[in-house]
Amino acid sequence: ERNQADVSEAKAGRTDLIFLIRFRHCCLLRNQRCLLAYLYDRLLRIRALRWEYGSVLPNTIQFHMSAEEVEWFNRYKKSLATYMRSVGGEEGLDLTQDIKPPKSLYIEVRCLKDHGEFEIDDGTTILLKKNSQHFLPRWKCEQLIRQGILEHVLS
């Protein structure tokens, strides 16, 4: 507002204000660039959360996000799900499944909290109770490991 007032005075003939006007304008542009860089960095971090935690964010993380960031996360999640359904045949292709190449197809996991029944591809249902250990297909339980329900037991 002060810059606008000084601009109108400079148009009236006070040329000594031109340097002050330019300085303030450059400061505003710098602040705008810094703010945009910060917001873009947050956006990249929120996108990475979808790949790390899956489609459901823990409450501790979601608590620190604004309503607009949660909305953007949900739109990105839906867009990614639509794309994954469109490729890979009838069932689609889960791109978030193997972020790192697996060393073995089956892993031993320990349940950290009660989750209920869990069905694997051969139709077997397993009851995931707290402190129970199971030998499961890696790709089937990787999402639960990221959500903090299961823990990979390293022998």
Side-chain angles (χ1 to χ4, degrees), residues 1-116 118-119 121 128 130 136-154:
E1 291 174 357
R2 290 198 55 203
N3 234 21
Q4 289 176 347
D6 287 346
V7 166
S8 59
E9 283 186 41
K11 284 182 181 178
R14 284 198 58 195
T15 58
D16 60 319
L17 295 175
I18 292 176
F19 294 108
L20 182 61
I21 293 168
R22 285 186 181 166
F23 176 73
R24 282 191 197 135
H25 186 69
C26 288
C27 290
L28 289 172
L29 291 177
R30 179 195 175 278
N31 290 346
Q32 183 182 26
R33 284 193 311 270
C34 291
L35 182 62
L36 288 174
Y38 170 75
L39 291 174
Y40 183 68
D41 183 61
R42 280 190 68 92
L43 182 91
L44 293 178
R45 289 173 191 247
I46 292 169
R47 185 176 69 182
L49 289 174
R50 169 56 181 96
W51 290 86
E52 185 178 342
Y53 289 101
S55 60
V56 179
L57 287 177
N59 289 334
T60 55
I61 292 175
Q62 200 166 2
F63 176 76
H64 295 288
M65 293 170 59
S66 69
E68 292 81 10
E69 290 172 334
V70 172
E71 180 184 338
W72 188 90
F73 176 82
N74 289 330
R75 284 197 324 255
Y76 180 73
K77 174 178 69 172
K78 288 177 186 174
S79 176
L80 184 61
T82 302
Y83 176 73
M84 289 190 300
R85 276 193 304 272
S86 71
V87 296
E90 293 177 17
E91 294 180 18
L93 178 66
D94 187 4
L95 297 174
T96 63
Q97 186 176 57
D98 290 321
I99 294 177
K100 295 178 184 172
K103 292 182 180 177
S104 64
L105 296 178
Y106 284 82
I107 59 171
E108 189 173 357
V109 292
R110 179 182 302 119
C111 192
L112 299 175
K113 46 182 131 173
D114 290 334
H115 183 67
F118 181 69
E119 186 174 342
D121 284 344
L128 297 178
K130 187 174 182 176
L136 298 173
R138 174 185 293 275
W139 67 274
K140 200 67 172 151
C141 59
E142 202 168 64
Q143 192 76 13
L144 294 175
I145 291 172
R146 281 192 228 125
Q147 292 174 1
I149 296 168
L150 296 177
E151 172 187 49
H152 184 186
V153 178
L154 302 171

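Along the sequence shown, residues carry numbers from 1.
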Item checked: Atom of Ser8, atom of Ala5 and distance for their closest heavy-atom approach -> OG-O, 2.7 Å
Margin query: Side chains of Arg138 and Leu105, heavy atoms from C-beta outward: is any pair under 4.5 Å?
Written below: no
Margin query: So for atom CZ, which belongs to Arg2, do other residues, nucleotides or ligands contribute more than 12 heavy atoms lying within a distance under 6.0 Å?
Written below: no
Note to self: Could you report the tightest heavy-atom contact between Tyr53 and Gln143, atom names first, then the distance?
What the structure shows: O-NE2, 3.7 Å
Check: If you measure from CG on Leu17 to NZ on Lys11, what distance do you get to the nearest 0.5 Å?
Finding: 13.5 Å
Next item on the list: Output yes when a side-chain donor or acceptor of Asp41 lies under 3.5 Å from a complementary backbone atom of Ala37, and no otherwise.
Entry: no
Item checked: Contact summary for Cys111 and Leu150, nearest pair of heavy atoms -> CA-CD2, 3.8 Å
Note to self: Is it true that, when you exclude Asn59 itself, more than 12 heavy atoms of the residues, nucleotides or ligands shown sit nearer than 6.0 Å to its CG?
What the structure shows: no
Note to self: Between Leu95 and Tyr83, is there a side-chain heavy-atom distance shorter than 4.5 Å?
What the structure shows: yes
Check: Which pairs, with at least one residue in residues 6-26 and sequence neighbours excluded, count as a ring-ring contact (aromatic ring centres under 6.0 Å, His included)?
Finding: none
Checklist line | Distance in Å, Asn74 CG paired with Glu71 CD, rounded so as to fall on 0.5 Å steps | finding: 8.0 Å
Checklist line | Approximate separation, where rounding is to 0.5 Å, of His152 NE2 and Ile107 CD1 | finding: 4.5 Å
Margin query: What's the separation between atom CZ in Phe73 and atom CD1 in Ile61, rounded to the nearest 0.5 Å?
Written below: 9.0 Å
Notebook entry, point to check: Between atom OG of Ser66 and atom CD1 of Ile46, what is the distance when rounded to the nearest 0.5 Å?
Noted result: 7.0 Å
Check: Rounded to the nearest 0.5 Å, how far does CG of Leu57 lie from CZ of Arg50?
Finding: 9.0 Å
Next item on the list: Return the set of residues passing salt bridge (charged side-chain N to carboxylate O under 4.0 Å, His left out) with Lys77 (not counting sequence neighbours), or none when no residue passes.
Entry: none
Checklist line | Identified side-chain contact (heavy atoms from CB on, under 4.5 Å) counterpart of Glu151 within the set Val109, Leu144, Leu112 | finding: Leu112
Next item on the list: Would you check if Thr82 and Arg85 make a side-chain contact, meaning some heavy-atom pair closer than 4.5 Å?
Entry: yes
Checklist line | salt bridge (charged side-chain N to carboxylate O under 4.0 Å, His left out) partners of Asp6, counting only residues at least two apart | finding: Arg24
